[in-house]
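Have a look at the structure below, then the notes.
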Amino acid sequence: MLIGKVCSIRGGIRSCVVRPIARLFTCPSNMAKSKFEYVRNFETDDTCLKNCYIVVRLDGRNFHRFAEQHKFTKPNDNRALGLMSRSAHSVMEELEDIVIAYGQSDEFSFVFKRSSNWFKRRASKLMTHVASQFSSSYVFYWKEFFGDQTLLYPPSFDGRVVLYPSNRNLKDYLSWRQADCHINNLYNTVFWTLVQKGGLTTVQAEDRLKGTLAADKNEILFSEFDINYNTESALHKKGTTLIWEKRDETVTKRLKRPNEEEKDVNVTRSRRKVQAYHCDIIGDQFWQEHTDILEDDNC
Ligand SMILES: Nc1nc2c(ncn2[C@@H]2O[C@H](COP(=O)(O)OP(=O)(O)OP(=O)(O)O)[C@@H](O)[C@H]2O)c(=O)[nH]1
Ligand SMILES: [Mg+2]
Ligand SMILES: [Mg+2]
């Protein structure tokens, strides 16, 4: 049996060449390639090391300006924080293998399970999918949080990939981000209290806080403004942790069995849902209560 095939030669398309079908199936794979194909070899291999947790951290680009322009409340804007969490929620639902995400301020970290083989563990694929899903969600859900307030320009988020080879390293990474949240929030809370309630200028408030320790900041809040930092919002102090949780969901279905009347039947299904927490993740308690997040170190 003979079959016609169009072959490309030196950038042009040559007319049909008649070849036996057997040869077509055994022909070298490079027969179908153009002379430009070699440029593929310039791509670098960015496969993430096996057995490591893959963390993608996003951070808003120039959000100092974005917050000013969109009149975010100081020091924390619950609409902005809600929108960040909603966008992270969408990332977890749309992309595979993310076991936990942690966010504060204009950043969110996404942890892929250590055995993930999503996109063959290619760092650039994982990072760009997370960044683009997050950015488009931020714009998509803007109205849900900011109502009629106009989004003045398209926000963007940078991304980076970091690998953590052990559960200890991963927990320490997340602890680092939550400690950062606490340090910044305590500073910002005192700073803006001094300005908004104490009548100081921003320069005076900065001077007042130079060299102060956490205890000093707590004391300023308590003795001068009757604010107990411990009772401030957990969302602001601890940030947001998103994890998957199984929930039983009961729906009523109308069923018709043979030789029976049609009737309503309750059907219970176990569904995975993204759940938000604003709790401490530095100590052991959170990890003891959610043992399914981490995989064994001896895998
Ligand atoms: N008012 C207000 N500002 C916020 C809030 N969340 C984030 N921001 C702003 O976003 C900034 C985030 O800090 P960074 O990520 O270090 O700085 P950046 O301006 O985004 O700069 P790059 O990340 O380097 O591009 C904060 O310094 C605040 O100015 C909020 O809830 N309220
Ligand atoms: Mg930023
Ligand atoms: Mg930031």
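Whatever order the structure lists ligands and atoms in, that order sets their numbers, starting from 1. Positions are given from 1, in the same order as the sequence printed here.
- In this structure, the side chain of S132 engages the main chain of T128 through a donor-acceptor pair within 3.5 Å.
- Taking the ring centre of Y141 as origin, the terminal cationic atom of R86 falls inside the region bounded by 6.0 Å and 45° from the ring axis.
- With waters neither drawn nor counted, the protein N/O/S atoms under 2.8 Å from the Mg ion (ligand 3) amount to 2.
- Formation of a donor-acceptor pair under 3.5 Å by the D46 side chain with backbone atoms of S124 is found in this model.
- In D59, the part holding a heavy atom less than 4.0 Å from any atom of ligand 1 is the side chain.
- Applying the 4.0 Å criterion to heavy atoms of N76 picks out, from ligand 1, the atoms 31 (O).
- The part of T73 lying near ligand 1 is the backbone, judged by heavy-atom distances below 4.0 Å.
- With hydrogens left out, the protein atom closest to atom 19 (O) of ligand 1 is H64 N, 2.9 Å, a heavy atom.
- In this structure, the side chain of Q204 engages the main chain of T201 through a donor-acceptor pair within 3.5 Å.
- Note that atom 24 (O) of ligand 1 has no protein non-hydrogen atoms nearby, at separations under 4.0 angstrom.
- With a 6.0 Å radius and a threshold of 12 heavy atoms from other residues, nucleotides or ligands, Q69 has its CD atom above the threshold.
- Listed by atom number, the atoms of ligand 1 under 4.0 Å from P75 heavy atoms are 2 (C), 30 (C), 31 (O), 32 (N).
- Under the 6.0 Å distance and 45° angle rule, R177 does not count as a cation-pi partner of F108.
- Taking every non-hydrogen atom of R61 and a distance limit under 4.0 Å, the qualifying atoms of ligand 1 come out as 25 (O).
- Put simply, atom 29 (O) of ligand 1 has protein non-hydrogen atoms near it, under 4.0 Å away.
- Side chain of E94 to backbone of H129: no donor-acceptor contact under 3.5 angstrom is found.
- Put simply, the side chain of T231 gets close to the backbone of N228: a donor and an acceptor are under 3.5 Å apart.
- Here the side chain of S233 pairs a donor or acceptor atom with the backbone of L235 at under 3.5 angstrom.
- Protein heavy atoms are absent from the 4.0 Å sphere centred on atom 17 (O) of ligand 1.
- The local environment of CZ in R254 is crowded, with over 12 non-hydrogen atoms from other residues, nucleotides or ligands closer than 6.0 Å.
- D216 contributes a side-chain N or O that, together with a main-chain N or O of L213, makes up a donor-acceptor pair within less than 3.5 Å.
- For D106, a nitrogen or oxygen atom sits less than 3.5 Å from a nitrogen or oxygen atom of ligand 1, counting backbone and side chain alike.
- Between G60 and ligand 1, at least one pair of N/O atoms sits closer than 3.5 Å.
- Between atom 31 (O) of ligand 1 and the options D77, N78, N185, the minimum heavy-atom separation is to D77.
- Remark: side-chain polar atoms of D180 are not paired, donor with acceptor, to backbone N or O of W176 under 3.5 angstrom.
- With a 4.0 Å heavy-atom cut-off, ligand 1 is reached by the side chain of A67 but not by its N, CA, C or O.
- Of the possible donor and acceptor atoms, none in the side chain of Y173 sits under 3.5 Å from a partner among the backbone N and O of R168.
- Around the OH atom of Y38, the shell of radius 6.0 Å holds no more than 12 heavy atoms that belong to other residues, nucleotides or ligands.
- Distances from atom 5 (C) of ligand 1 to the heavy atoms of F63, F66, W192, F72 show the closest one on F72.
- Which parts of ligand 1 touch S105 is read off a 4.0 Å heavy-atom cut-off, strictly below it: atoms 6 (N), 7 (C), 12 (C).
- For atom 22 (P) of ligand 1, the closest non-hydrogen atom of the protein is N62 N, 3.7 Å.
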